[in-house]
Amino acid sequence: MQSGLSGGGLHVAIIMDGNGRWAEARGKPRTAGHLAGASAVRRVIEAAPALGIRVLTLYAFSSDNWKRPRPEVSALMRLLERYLRTETASCVEQGVRIDVIGRRDRLPQRAQRAIADAEHTTAAGTTLQLRLAIDYSSRDELVRAAAHGPQSRDELAYWLQSFAGQPVPDVDLVIRTGGEQRLSDFLLWESAYAELYFTPVAWPDFGRDALAEAVAEFARRQRRFGGLAHAVQSAAVAS
Ligand code: FPP
């Protein structure tokens, strides 16, 4: 049996869902939910290293999110830009390296500049690799990688990695908040053997304890990667 936790640190990917409903339940505009969601991002980044997380990929804006009303899209873009501008210094202090994955060419210029600055300024961070997926579609990334004509899994993985910052291991754990249970075009290749964890907690209410609970549940899972649990496998080989 391969236990959930590995020595090299975990790659956790989070679909941060439920901001809009969180806000609506409080009689607030949906954008207030995204703002509260940014605070949850801060909490999770602070908590991650002590929980054994080395890579954290957050789904901040999917390529399908362009379909949302323009004011909500603009508010999200401004929020992302402001977050990158205001949080970079504390990321440097905490040893957090920021890499953005996804398309950049459709983002507002100001957001593109904020991304480039944040990546540059935090490049030396080694405690936690924070990957923000912005204008991200896993299927689009797979099409881009396939256009290079890969002949093997490794070659395809190589091209996928080449679109992002620093190479990262496959995803160990996918967390989705907000009660829905789907992947929504997020890291489909990289999560091939990830454990999935769904929680009804809305993203703005997510924090250290909720993250710790998800990691604890992950540690209880048996990861077999298509093989057999270790004890069973040894017995089978011996017979
Ligand atoms: C999904 O909730 C969430 C998003 C589309 C945006 C995620 C963005 C943030 C958490 C803001 C800050 C991010 C960073 C990296 C600073 P939803 O709006 O679909 O919620 P609903 O399903 O309740 O409508």
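Any value given below was found using the heavy atoms of this structure, including those in side chains, with hydrogens, waters and symmetry copies removed. Because the structure is a prediction, the values reported are computed rather than measured. For ligands, and for the atoms within them, numbers begin at 1 and follow the listed sequence.
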> Where is the nearest protein heavy atom to atom 21 (P) of ligand 1: which residue, which atom, and how far?
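The closest heavy atom on the protein side is Arg21 NE, 3.5 Å.
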> Considering heavy atoms of the protein only, find what lies nearest to atom 5 (C) of ligand 1 and give residue, atom and distance to 0.1 Å.
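Among all protein heavy atoms, the one nearest atom 5 (C) of ligand 1 is Asn65 OD1, 3.6 Å.
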> Taking NZ, NE, NH1 and NH2 as the nitrogens, is one of them in Glu213 or Arg220 under 4.0 Å from a carboxylate oxygen of the other?
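Between Arg220 and Glu213 there is a salt bridge, with a charged N closer than 4.0 Å to a carboxylate O.
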> List ligand 1 atoms under 4.0 Å from Asp17, heavy atoms only on the residue side.
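The list of qualifying atoms is 1 (C), 2 (O), 17 (P), 19 (O), 20 (O), 21 (P), 22 (O).
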> Counting heavy atoms only, name the option from Ala38, Ala36, Ser62 that's nearest to atom 12 (C) of ligand 1.
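The nearest heavy atom belongs to Ala38.
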> Nearest protein heavy atom to atom 8 (C) of ligand 1, by residue and atom, and its distance?
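Of the protein heavy atoms, Ala60 O, 3.6 Å lies nearest.
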> Is Arg78 salt-bridged to Glu81, cutoff N-O under 4.0 Å?
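No, this pair does not count.
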> Between Asp205 and Trp22, do the side chains contain an N or O donor and an N or O acceptor separated by less than 3.5 Å?
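Yes, Trp22 and Asp205 have a side-chain donor paired with an acceptor closer than 3.5 Å.
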> Identify whether the distance between the nearest side-chain nitrogen and carboxylate oxygen of Arg68 and Asp64 falls below 4.0 Å.
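Salt bridge between Arg68 and Asp64, a charged N being under 4.0 Å from a carboxylate O: no.
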> Atom 1 (C) of ligand 1: which of Glu180, Met16, Glu72 has the nearest heavy atom?
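Result: the heavy atom closest to atom 1 (C) of ligand 1 is in Met16.
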> What is the closest protein heavy atom to atom 4 (C) of ligand 1, and at what distance does it sit?
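For atom 4 (C) of ligand 1, the nearest protein heavy atom comes out as His34 CE1, 4.0 Å.
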> Heavy-atom contact under 4.0 Å between Arg68 and ligand 1?
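Yes; Arg68 lies near enough to ligand 1 that a heavy-atom distance drops under 4.0 Å.
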> Taking the minimum heavy-atom distance to atom 13 (C) of ligand 1, which of Thr177, Thr86, Leu132, Leu80 ranks first?
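The option holding the nearest heavy atom is Leu80.
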> Parallel, tilted or perpendicular: which one describes the rings of Phe186 and Tyr136, with boundaries at 30° and 60°?
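Because their plane-to-plane angle is over 60°, the rings of Phe186 and Tyr136 count as perpendicular.
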> Taking atom types as modelled, find out whether Asp172 and His11 have a side-chain donor-acceptor pair closer than 3.5 angstrom.
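On atom types as modelled, these side chains do not qualify, holding no pair under 3.5 Å.
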> What part of Arg30, side chain, backbone, both or neither, has a heavy atom within less than 4.0 angstrom of ligand 1?
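Side chain only; the backbone of Arg30 stays clear of ligand 1.
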> Examine the proximity of ligand 1 to Trp203 and report which part, side chain or backbone, both or neither, has a heavy atom under 4.0 Å away.
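The answer is the side chain.
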> Heavy-atom distances under 4.0 Å are what count here, so tell me which part of Glu81 touches ligand 1: side chain, backbone, both or neither.
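Under 4.0 Å from ligand 1, Glu81 contributes no heavy atoms.
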> Does the distance from a Lys or Arg side-chain N to an Asp or Glu carboxylate O, for Asp17 and Arg176, drop under 4.0 Å?
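Salt bridge between Asp17 and Arg176, a charged N being under 4.0 Å from a carboxylate O: yes.
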> Of the protein's non-hydrogen atoms, which lies at the shortest distance from atom 20 (O) of ligand 1, and what is that distance?
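For atom 20 (O) of ligand 1, the nearest protein heavy atom is Gly20 N, 3.0 Å.
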> Inspect the contact between Glu24 and Lys28 and indicate whether a charged nitrogen and a carboxylate oxygen are less than 4.0 angstrom apart.
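Salt bridge flag = no for Glu24 with Lys28.
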> Side chain, backbone, both or neither: which part of Leu58 comes within less than 4.0 Å of ligand 1 when only heavy atoms are counted?
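The answer is neither; Leu58 stays 4.0 Å or more away.
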> Would you mind checking which non-hydrogen protein atom is closest to atom 16 (C) of ligand 1, with the distance to 0.1 Å?
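Ranked first by proximity to atom 16 (C) of ligand 1 is Tyr83 CG, 3.3 Å.
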> Distance to 0.1 Å, residue and atom name: give those for the protein heavy atom nearest to atom 10 (C) of ligand 1.
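Checking every protein heavy atom, the shortest distance to atom 10 (C) of ligand 1 gives Asn19 ND2, 3.3 Å.
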> May I ask you to decide whether Glu46 forms a salt bridge with Arg43, counting only side-chain N to carboxylate O separations under 4.0 Å?
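No, Glu46 and Arg43 are not salt-bridged.
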> Going by an N to O cut-off under 4.0 Å, is there a salt bridge joining Glu119 and Arg104?
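A salt bridge links Glu119 with Arg104.
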